[in-house]
Protein chains: 2
Amino acid sequence: MAKRLTRAESRERTRERLLAAAAELFAERGVNGTSVEQIAERAGYTRGAFYGNFEDKHELVVELLAQRRAREAEEITALAEGVGSFEEMLRRLRAWHVERARHLPEWFVLRAELTLYALRNPSARPLVGAGELEARALLEGGISAELARRGARPPADPGFLALIVHALEDGLLRQRYLIPDGIGDDVVVDALELLMRSWSAGAQSPT
Amino acid sequence: MAKRLTRAESRERTRERLLAAAAELFAERGVNGTSVEQIAERAGYTRGAFYGNFEDKHELVVELLAQRRAREAEEITALAEGVGSFEEMLRRLRAWHVERARHLPEWFVLRAELTLYALRNPSARPLVGAGELEARALLEGGISAELARRGARPPADPGFLALIVHALEDGLLRQRYLIPDGIGDDVVVDALELLMRSWSAGAQSPT
DNA sequence: GTCTATATGGTGATAGAC
DNA sequence: GTCTATCACCATATAGAC
């Protein structure tokens with residue numbers, strides 16, 4: 001009864017634990033500042049287990065990077081999937097950011113660490129660009145659709161608008177993390193609403 | 001004739017060289033990935049010179065951080081100083097970003113590295129927040145003034161508008177660095193113009 | 001102030017027992 | 001697959017000559 005895991009499952013579980021431990025430590029101390037031993041130790045193993053599951057530290061970092069990118073992509077698609085109205089989208093976005101706010105420091109620092117690592121490792125670099133472009137494309141569709149619904153002519157190339165919104169989201173999270181004072185969970189959504197309102201001004205009947 | 005430097009100047013020169021070498025290496029390999037020996041070597045010295053001028057690596061990083069922050073502050077103030085019109089401001093900003101674009105990779109990565117370092121060292125953390133707030137305050141004044149000049153009512157709290165513009169600038173540089181394709185030197189200024197136009201729409205006579 | 005030499009300790013990665 | 005033991009290497013920081 002104690003053991004109901006196949007060998008593959010057990011191995012997968014160990015890898016998962018090592019990856020999770022590494023994610024924590026990378027956020028705390030940086031990729032370069034974290035030793036293999038620390039990773040193994042926090043996951044509840046020794047170095048032997050680490051090298052039994054990963055070729056070397058580099059392989060683990062790349063896998064962590066790919067894993068995070070895949071999860072982010074899933075979340076974004078789930079967020080956009082089957083959304084009815086712009087208001088519903090905003091509601092979902094708001095909830096998403098409330099949730100994210102709870103892990104903002106770890107998330108932000110880990111992403112920065114992994115990005116820097118990827119930038120220095122040509123083989124991993126494509127991973128960073130792909131996610132950004134995907135998000136931008138989704139945004140572009142959403143923005144165009146909503147502006148059309150409001151009967152507003154886009155004030156610039158929709159691709160540019162999407163870039164702006166995307167960059168703004170990034171930048172706001174950075175600011176929020178560096179100086180949390182006075183920046184609440186809703187900044188990103190509030191800013192998005194403001195921009196959409198500005199960009200569709202003149203198309204709506206004034207109250 | 002060969003030596004016209006006082007002792008203090010000579011010392012200062014060595015410190016400067018070590019700091020400059022460290023800045024390069026930190027961008028290339030990360031703060032943690034750079035050894036004291038590499039710094040000394042690139043600056044044209046050996047470790048002895050390093051420890052003769054800095055207590056340890058930590059002291060050098062903190063000084064580099066403070067130096068960069070001070071320069072950034074100078075540049076921003078110079079940019080805003082004695083500016084006549086919004087158009088002139090945009091022209092200056094454009095030139096500034098063209099110049100910055102030439103060193104974008106190093107600048108961006110070094111800033112990320114130093115920020116991460118500061119976040120993990122409580123004594124250095126205040127340094128990061130201060131610069132951000134200063135920039136935001138300057139922006140707020142400029143935005144308010146320009147909107148007033150155009151006879152437009154700010155579409156939201158000016159502090160919020162400044163936060164948006166500030167965050168947008170940050171985010172755009174990140175995007176531009178990660179995926180340079182199709183993002184030119186002028187993005188930031190173009191985006192700023194678009195926002196200001198959107199926010200002052202309705203106040204101007206239509207053509 | 002800058003050098004060389006050295007003390008001391010941590011690191012990634014391997015070998016081989018279980 | 002996970003362990004312990006071990007290797008070769010590189011790090012920070014110090015000591016003492018010049």
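The chains referred to below are lettered A, B, ... by the order of the sequence lines, with proteins before strands, and numbering in each begins at 1. Only heavy atoms go into these numbers, but all of them, side chains included; no hydrogens, no water, no symmetry mates.
Across the protein-nucleic acid pair, A:Leu18 atom CG and C:dG12 atom P stand 14 Å apart, rounded to whole Å. B:Glu37 has its CD atom 13 Å from the P atom of C:dA5, to the nearest Å. Residue B:Glu12 contributes atom CD, which lies 11 Å from atom P of C:dG1 at whole-angstrom precision. When rounded to the nearest whole Å, the span between CD1 of B:Ile39 and C1' of D:dA11 equals 12 Å. Spacing between atom CG of A:Asn32 and atom C1' of C:dG12 amounts to 12 Å, rounded to whole angstrom units. Following rounding to the nearest Å, A:Glu55 (CD) and C:dG12 (P) show an atom-to-atom distance of 15 Å.
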Close N/O contacts between protein and nucleotides 2-5 of chain D (under 3.5 Å):
from, atom 1, to, atom 2, distance (Å)
D:dT2, OP1, A:Thr14, OG1, 2.8
D:dT2, OP2, A:Asn53, ND2, 2.7
D:dC3, OP2, A:Thr46, N, 2.9
D:dC3, OP2, A:Thr46, OG1, 2.8
D:dC3, O5', A:Thr46, OG1, 3.3

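Side-chain contact between B:Arg91 and B:Val189: absent, with no pair of heavy atoms (C-beta onward) separated by less than 4.5 Å. Side-chain contact between A:Ile183 and A:Leu172 is absent, with no heavy atoms from C-beta onward closer than 4.5 Å. Between A:Thr46 and A:Glu41 there is no side-chain heavy-atom pair separated by less than 4.5 Å. Residues A:Leu79 and A:Leu138 fail the side-chain proximity criterion, which asks for heavy atoms closer than 4.5 Å.
To the nearest 0.5 Å, atom CG of residue B:Asp186 and atom CG of residue B:Leu192 are 11.5 Å apart.
A side-chain donor from one of A:Gln67 and A:Glu16 sits under 3.5 Å from a side-chain acceptor of the other.
The phosphate of C:dA13 has neither OP1 nor OP2 within less than 4.0 Å of any side-chain N or O from A:Lys57.
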